[in-house]
Amino acid sequence: MPFSSEGVAPGCALAVSGGGFRATLFHLGSLWRLNQLGFLPKLDRISSISGGSITAGYLAIKWNKLQFGASGYAPNFALEVVDPLRAFCSNNIDLIAIGESALLPWKKASDIVEAAYRDKLFGDANLQQLPESPRFVINATNFATGVSFRFSKPYAGDYRIGLIRNPKFRISQAVAASSAFPPVLSPVILEVDPESFEKTEGADLYDDAGFRKRLVLSDGGVYDNLGLETVWNRYQTVLVSDAGAPFSFECVPDTGWAQQAMRAMDIATNQSRGLRKRALIADFRSNARNGAYWGILTDILKYQAGEALPCPPAAIAELASLRTRLNAFSEREQCRLINWGYAVCDAALRSHMQAPNDPAAAWPYPNFALDRP
């Protein structure tokens, strides 16, 4: 069964984190460089959460249109993937959803977000239209079971309630669940035929049909803020692109009830990310895994990649502090985020991996180079 028998394989997987449109754009830059270096067709799995699932989900539906040559490079990547996602990141999604749901109480904000994803990006494509390889896994959090709920082509489910074989959820539903940031855009509620689930080894909640007929799903980052769990113990080589929000230190924290709740969630999220990241880096250092990690607040000089693109610390700090919302990002914000994801991915890979291809790095958007004002 998928939850119990997937052992470590010799392949390569990529995990992309959340962080709203900021993450969507940062990961676009990372994928741009991965494409140039010939890594994309070598990926066996792409695991995503939240804003990263917008990028991964769209890459998935465009995958079969990418024209990979013998070197593993697809020259039409920007046309097929980057340009449409950039156009989408010029939309205002979250406040419209929140406002409309407040005025029309019978409409949930998460349903409005899902409709925007469907109308403006994914159409009616469902999970069965994803490619066979790589396997795309879009992760949400199941509020009922407290664990990650996975959407993929061969199955959807979680290890406590079992799985649905060959699910036909819309990709827009999976991405909406994965990016349903609580409490304002959460939850996504899916009514499901409980008989469609198959019991798997260890599915201790399967026998209560209530867990299988109504799925209450929230942002994948609530459970796993790096999207790492589905790849970490599956593949020998793991790449991680992390656009998650850096933890903000507050000398005088707000003590209001709502503010305390949000601060407590931020602390728990920061601790979870830190634990997963440290465990991953420990695996790299002990040679238990191969791979590379790069983050939106990474000091690029630590990679000691001699030809790294110039990324001043002030520019990095500015980009890392950008909002993690689903609202319109300006051309400058978009291009600089893509440039930064490209540059730090390039430095991480050249420092720790042998690339199939090795073209010189060059800013995707030279007019918005990070060493320019």
Side-chain angles (χ1 to χ4, degrees), residues 14-37 39 51-52 55 77-78 82-83 85-86 89-90 225-226 239-251 266 270 273-274 277-278 280-281 284 291-325 327-353 355 357-373:
L14 170 68
V16 294
S17 78
F21 282 167
R22 184 182 75 187
T24 302
L25 294 159
F26 178 84
H27 298 318
L28 260 183
S30 297
L31 289 171
W32 195 317
R33 188 53 174 161
L34 285 165
N35 177 48
Q36 288 182 345
L37 293 171
F39 274 107
T55 307
F77 174 79
V82 177
D83 294 348
L85 277 173
R86 281 199 57 194
C89 290
S90 298
N225 47 37
L226 289 178
L239 308 177
V240 179
S241 182
D242 180 11
F247 185 72
S248 62
F249 299 97
E250 298 178 4
C251 183
D266 286 345
N270 185 62
R273 177 187 288 113
K277 179 182 172 182
R278 285 194 292 274
L280 176 71
I281 300 302
F284 289 161
Y293 166 95
W294 58 93
I296 199 165
L297 199 56
T298 295
D299 179 358
I300 198 169
L301 296 178
K302 289 185 176 180
Y303 290 118
Q304 298 180 342
E307 299 177 3
L309 293 169
C311 301
I316 296 171
E318 176 193 353
L319 293 169
S321 66
L322 286 176
R323 61 203 178 280
T324 57
R325 289 182 49 195
N327 72 344
F329 275 57
S330 69
E331 182 182 17
R332 181 179 186 274
E333 291 171 330
Q334 290 194 21
C335 292
R336 285 171 70 84
L337 277 166
I338 290 171
N339 278 348
W340 174 222
Y342 177 103
V344 71
C345 171
D346 169 71
L349 292 175
R350 287 196 292 109
S351 179
H352 296 293
M353 299 285 294
N357 247 351
D358 195 18
W363 295 114
Y365 299 103
N367 290 340
F368 295 94
L370 267 61
D371 56 344
R372 297 181 59 172

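In this chain, residues are counted from 1 in sequence order. The model shown is predicted, which means the values in this text are computed figures rather than measured ones.
The two residues L297 and A320 make their nearest non-hydrogen contact at CD1-CB, 3.6 Å. Among all heavy-atom pairs drawn from R86 and I338, the shortest one is CD-CD1, 3.8 Å. Contact between C345 and S30 at its shortest, heavy atoms only, is SG-O, 3.6 Å. Contact record, S17 with H27: O-NE2, 2.9 Å, taken as the closest heavy-atom pair. The minimum heavy-atom distance linking P359 with L37 is given by the pair CD-CD2, 4.0 Å. Heavy-atom minimum distance, D371 versus P310: OD2-CG, 3.2 Å.
Between Q334 atom CD and L322 atom CG the span is 11.5 Å, to the nearest 0.5 Å. Taken from SG in C335 to OH in Y365, the straight-line distance is 5.5 Å, to the nearest 0.5 Å. Atom-to-atom distance recorded for F21:CZ and L85:CG is 9.5 Å, nearest 0.5 angstrom. For the atom pair W363 CH2 and N339 CG, the distance stands at 5.5 Å (nearest 0.5 Å). To the nearest 0.5 angstrom, L337 atom CG is 9.0 Å from E318 atom CD.
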*Step by step, work out the side chain to side chain contact (heavy atoms under 4.5 Å, CB included) result for W340 and I300.*
CA-CA 10 Å; W340 174 222; I300 198 169; 4.0 Å; yes

*Going through the checks in order, is the side chain to side chain contact (heavy atoms under 4.5 Å, CB included) test met by L319 and L370?*
CA-CA 10 Å; L319 293 169; L370 267 61; 3.9 Å; yes

*D242 and T298: side chain to side chain contact (heavy atoms under 4.5 Å, CB included), yes or no, with the steps?*
CA-CA 9 Å; D242 180 11; T298 295; over 6 Å; no

*Where do E333 and C89 land on the side chain to side chain contact (heavy atoms under 4.5 Å, CB included) test, with the steps shown first?*
CA-CA 10 Å; E333 291 171 330; C89 290; over 6 Å; no

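The one candidate from L25, V16, L31 that meets the side-chain contact (heavy atoms from CB on, under 4.5 Å) condition with T55 is L31.
Using a 4.5 Å heavy-atom cutoff, the side chains of L14 and L34 are in contact. The side-chain heavy atoms of F284 and I281, taken from C-beta on, include a pair separated by under 4.5 Å. Looking at H352 and Y303, their side chains come closer than 4.5 Å, going by heavy atoms from C-beta outward.
Side-chain contact annotation: Y342 with Q36, donor-acceptor N/O pair under 3.5 Å present.
F26 and W294 have their aromatic ring centers separated by at least 6.0 angstrom.
The backbone N or O of A243 sits less than 3.5 Å from a side-chain atom of R22, completing a donor-acceptor pair.
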